[in-house]
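All remarks here apply to the structure that follows.
Note on naming: letters A, B, ... go to the chains in the order of the sequence lines (proteins, then strands), and numbering restarts at 1 for each one. On a predicted model such as this, the values are computed, not experimentally measured, just so you know.
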Amino acid sequence: MSTNQRLSELFETIARMMDLLGEDSFRTAAFAKAGRAVADQSQDVTTLADTPAVLKAKLLEIPGIGKSMADRIVEFAGTGTIADFAALSEKLPPGLLELTTIPGVGAKSVRVWWQEGKITNLAQLKAAIADGSLATLPRMGEKSVAKIKENLSLMGSADQRTSLGRAAAVADIVVAFLLTLPEVERAVPAGSLRRGKETIGDIDVLVALKESKEPLAARQRVVAEAFRTMPGVVQVIASGENKSSVRVGLDGGSGRWKADEEKTAANSIQVDLRILPNSSFGAGMMYFTGSKEHNVRLRERALKLGWTLNEWGLFPNDAEPTPPHTRGVVPLASATEEEIYAKFGLPWIAPELREDRGELEVTAALRLIEVADIKAELHAHTTASDGNMEIEELASRAKERGFHTIAVTDHSKGQPVAGGLTIDRLLQHIEDIAKAREVVTGIRILAGSEVDILADGTLDYPDDILRRLDVVVASPHNGLTQDPQSATRRMVAAIRHPLVHIIGHPTGRLVNRRNGISPDMAALFAAAKECNTALEINAHWMRLDLRDIHVKAALEAGCLIAINCDVHAAGDFENLRFGVKTGRRGGLTPERCINAWDAATLHGWLKRKRGG
DNA sequence: GCCGTTTTCGGCCCGACTGTTTTCAGTCG
């Protein structure tokens, strides 16, 4: 786990502990916010400067970090912990914190159990459920206890975030089901899925109803009922008129990493459905897309302008206590996201950017990369190593997608388990690729390799072999637990290698499973900029490596980005959407993505990169 | 505790749903 992740979790834990002690909620929120701010940084925040004073000054530049939080980070940099944590631990019985991880149970409930019921851990809670004493505590009753009992089994799985690809597969099924209902006009995924986050807490789906003479409430009920009883639902969490929540079962189905994935992932995921009239669709999409922080920022801005923003629309703020839409107030804007942002003087903001990372400060929208911009796949495997397509099929599939270029990049010899090619086999493979060019025309088939970057930064083939290839993708596969300093030296050496075009999955991390290496990313970006080496966003949803915050920092450093599907099977091309979303989250435009270049530009770059 | 296009003090988003209550608190997103 990276330093930033550890520090971020520490801040969030402190916030939860303060909540349990009933401390001021705004103060508590500041700790949680500091945790998110740290997690959003692409650089290790403890090593931004050599001296504490300079470090503190650098930290103060991060939004959400003030003097007090900066001091705590400096403390963490020196001692590896924050004194507040130990002090709070003294005040709280061990086991209490765990109780807040029960779904539907928050700090206030746990505090009451502790203060009024002397319940301080899971065993005592279970005993209090069994002997009926829990139901006698304030604001507890039969239904609450039954719900807690049911949700105890979800502990650990309910807060486990699901990878983007698995959640997207479920969302696709739910959306397809909803679209079969005659009442439904539109059904779209929102939430973190629409924003393209690498992991998804729950799936949010928004439905707009068709125009009809039937009463709105009646049609909402029909759709909600169908949703709550659709195939795959294992638990109904909430069932209101406007909003329903269920949990649906998750299948395995995660391709190359299936066996390992199933050990850790939740076996069900929450799906929230929000049903709205068409006239509120834009406001509903904004509310349900989030992020929460983006929404809060926008709602604060609305207040300053004399308005109030909710999921029904943007309204004049008349300071009445009841929501404006319930009183028939006419919204200033509500039907589309564009018109609501326009009221704020903002361009439409891409969902991927709505993370409160400064996106509301822009004046003109960037033209972000789109799936349709991608015209080349530069990282693909065949049956020669661990892919399942022959060269010809791979090339045909790429051509079908309208690509002008496909690079065949099988593994190098250091990956014997993945069928890595010995030098003799590689030379034969280059000839096979040449033959395939005569069979499949209308697309440029490049001979390449995904060559291992060895732990010391050297490559798995000698230069005279690499020179025979049209394209070289260099990737780390082994030694992924090495220390940051060694990892930095290793990756910078590969980036500086004159025959390397692209660095594949630069950290080797796997979402929810493996952290990979933690090199000094700024050093990598500086070297990549200097040497004109492209850095890959590996589009497989288990990788998404570079990750979003790295893409942003790489672009700021002036780097080129590649988005590759790392194709092993025909279906892997479909992962492109995840890689593109990750690029968009980092602010990637087509000009900076080598896969979006036309053929002449790309092939010219491949040659010039080597001084040819 | 953070922050400033009215503020260096005094704010800090908004609504749906549930369950325990008869008007609201807790949780969630």
Side-chain angles (χ1 to χ4, degrees), chain A residues 11 14-15 18-19 22-37 59-60 62-72 84 100 102-113 135-148 151 158-159 190-192 195 200-206 220 224 236-245 270-276 280 283-284 286-315 317 320-326 344-345 356 361:
Chain A
F11 272 130
I14 289 172
M18 290 167 63
D19 266 336
E23 299 208 17
D24 175 67
S25 62
F26 295 111
R27 204 169 158 254
T28 303
F31 278 84
K33 187 171 190 174
R36 285 192 301 275
L59 291 168
L60 286 171
I62 301 171
I65 305 291
K67 284 198 179 73
S68 174
M69 295 300 173
D71 282 336
R72 287 182 171 89
D84 303 72
T100 62
I102 303 168
V105 174
K108 298 223 168 113
S109 300
V110 172
R111 188 168 155 78
V112 169
W113 300 348
T136 66
L137 293 176
R139 299 205 67 79
M140 282 288 126
E142 257 182 57
K143 284 189 178 175
S144 301
V145 173
K147 192 174 241 179
I148 289 162
N151 285 344
D159 63 342
S192 46
R195 302 201 311 279
I200 307 298
D202 49 38
I203 296 170
D204 300 307
V205 180
L206 197 63
Q220 284 181 319
V236 176
I237 297 168
S239 49
E241 206 164 84
N242 298 306
K243 201 174 136 190
S244 293
S245 296
Q270 182 170 332
V271 185
D272 295 335
L273 175 70
R274 184 73 195 238
I275 306 168
L276 288 166
S280 293
M286 284 175 66
Y287 158 72
F288 229 19
T289 297
S291 67
K292 188 173 187 287
E293 291 75 21
H294 174 88
N295 285 348
V296 167
R297 188 73 69 176
L298 209 53
R299 287 169 183 202
E300 285 171 349
R301 191 172 289 199
L303 284 179
K304 283 182 189 150
L305 293 165
W307 305 326
T308 178
L309 176 64
N310 62 29
E311 60 265 51
W312 298 86
L314 179 68
F315 298 90
N317 188 6
E320 293 285 327
T322 54
H325 69 276
T326 61
F344 290 93
D356 191 24
E361 310 312 317

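Put simply, CD on E241(A) is 7 Å from P on dC17(B), counting in whole angstrom units. Between the CH2 atom of W307(A) and the C1' atom of dC13(B) there is a distance of 16 Å, given to the nearest Å. The distance between atom CG of D24(A) and atom C1' of dG1(B), rounded to the nearest whole Å, is 8 Å. With rounding to whole Å, L305(A) atom CG is found 13 Å from dT6(B) atom C1'. We find that CZ of R301(A) is positioned 12 Å from P of dG4(B), with the value rounded to whole Å. As rounded to whole Å, 15 Å separates atom P of dG15(B) from atom CE of M286(A). Distance, K33(A) NZ to dC12(B) P: 14 Å, rounded to whole Å. R297(A) places its CZ atom 11 Å from the C1' atom of dC12(B), with the value rounded to the nearest Å.
Counting any heavy atom pair closer than 4.0 Å across all strands shown, P321(A) reaches no nucleic acid atom. At the heavy-atom level, R111(A) lies nowhere under 4.0 Å from the strands shown. Residue contacts shown for S25(A) are absent, as no nucleic acid heavy atom lies under 4.0 Å away. Contact annotation for H325(A): backbone-only contact, meaning every heavy-atom pair under 4.0 Å involves sugar-phosphate atoms and none involves a base. Within 4.0 Å (heavy atoms only), S239(A) reaches sugar-phosphate atoms of the nucleic acid but no base atom. No engagement by L298(A) is indicated, since no non-hydrogen atom pair under 4.0 Å with the nucleic acid exists. Using a 4.0 Å heavy-atom distance criterion, P63(A) is classed as a sugar-phosphate-only contact.
Under the ring pair (Phe, Tyr, Trp, His ring centres under 6.0 Å) criterion, F344(A) pairs with W307(A), not counting sequence neighbours. Partners of E300(A) under the salt bridge (charged side-chain N to carboxylate O under 4.0 Å, His left out) rule, at least two apart in sequence or in another chain, do not exist in this structure.
OP1 and OP2 of dT18(B) both lie 4.0 Å or more from every side-chain N or O belonging to S144(A). For W312(A), a side-chain nitrogen or oxygen approaches OP1 or OP2 of dA16(B) to under 4.0 Å. The phosphate of dC13(B) (OP1 or OP2) has no side-chain N or O of N295(A) nearer than 4.0 angstrom.
Summary of the strand contacts: F31(A) and K143(A) both lie near DNA chain B, and taking for each the nucleotide with the nearest heavy atom, the more 5' one is attributed to F31(A). Checking N317(A) against G64(A), the closest nucleotide of DNA chain B that is more toward the 5' end is the one next to G64(A).
Nucleotides dC13(B) and dG4(B) place their P atoms 14 Å apart, quoted to the nearest Å. Comparing dT6(B) with dG15(B), their C1' atoms sit 29 Å apart, to the nearest whole Å. Of the C1' atoms belonging to dT20(B) and dG26(B), the separation is 11 Å, rounded to the nearest Å. Taking the P atoms as reference points, dA16(B) lies 24 Å from dT21(B), given to the whole Å. For the C1' atoms, the distance linking dG1(B) with dT8(B) amounts to 14 Å, nearest Å. Between the P atoms of dT23(B) and dC28(B), the separation comes to 26 Å (whole Å).
Within the model, atoms CZ of R36(A) and CG of D356(A) stand 8.5 Å from one another, a figure rounded to the nearest 0.5 Å.
Under the 4.5 Å side-chain criterion, counting only non-hydrogen atoms from C-beta, I14(A) is not in contact with R72(A). Side chains of K33(A) and F11(A) form no contact here, defined as non-hydrogen atoms less than 4.5 Å apart. Counting heavy atoms from C-beta outward, F288(A) and D272(A) have side chains that approach closer than 4.5 Å.
The nucleotide dC12(B) finds its pairing partner in dG1(B), both defining distances of the Watson-Crick or G-U wobble pair being shorter than 3.5 Å.
Using a 4.0 Å cut-off between charged side-chain N and carboxylate O, E361(A) and R301(A) make a salt bridge.
Out of dT18(B), dC14(B), dC13(B), the shortest distance to the side chain of A238(A) is found at dT18(B). Set against dC2(B), dA16(B), dC12(B), the side chain of R274(A) has dA16(B) as its closest nucleotide.
Within 6.0 Å of CZ in R297(A) there are 12 or fewer heavy atoms belonging to other residues, nucleotides or ligands.
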Pairs under 3.5 angstrom, nitrogen or oxygen only, protein versus nucleotides 22-29 of chain B, please.
from: dG26(B); atom 1: O3'; to: S109(A); atom 2: OG; distance (Å): 3.2
from: dT27(B); atom 1: OP1; to: G106(A); atom 2: N; distance (Å): 2.6
from: dT27(B); atom 1: OP1; to: G106(A); atom 2: O; distance (Å): 3.0
from: dT27(B); atom 1: OP1; to: S109(A); atom 2: N; distance (Å): 3.0
from: dT27(B); atom 1: OP1; to: S109(A); atom 2: OG; distance (Å): 2.6
from: dT27(B); atom 1: OP2; to: K108(A); atom 2: N; distance (Å): 3.4
from: dC28(B); atom 1: OP1; to: G104(A); atom 2: N; distance (Å): 2.9
from: dG29(B); atom 1: OP1; to: D202(A); atom 2: OD2; distance (Å): 2.8

Next item on the list: Decide side chain to side chain contact (heavy atoms under 4.5 Å, CB included) for N242(A) and R274(A); before the verdict, give the C-alpha distance in whole Å, the side-chain angles of both, and the deciding distance to 0.1 Å.
Entry: CA-CA 6 Å; N242(A) 298 306; R274(A) 184 73 195 238; 3.9 Å; yes
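Aromatic stacking of F26(A) on dC12(B): satisfied, with centres closer than 5.5 Å and planes within an angle under 30 degrees.
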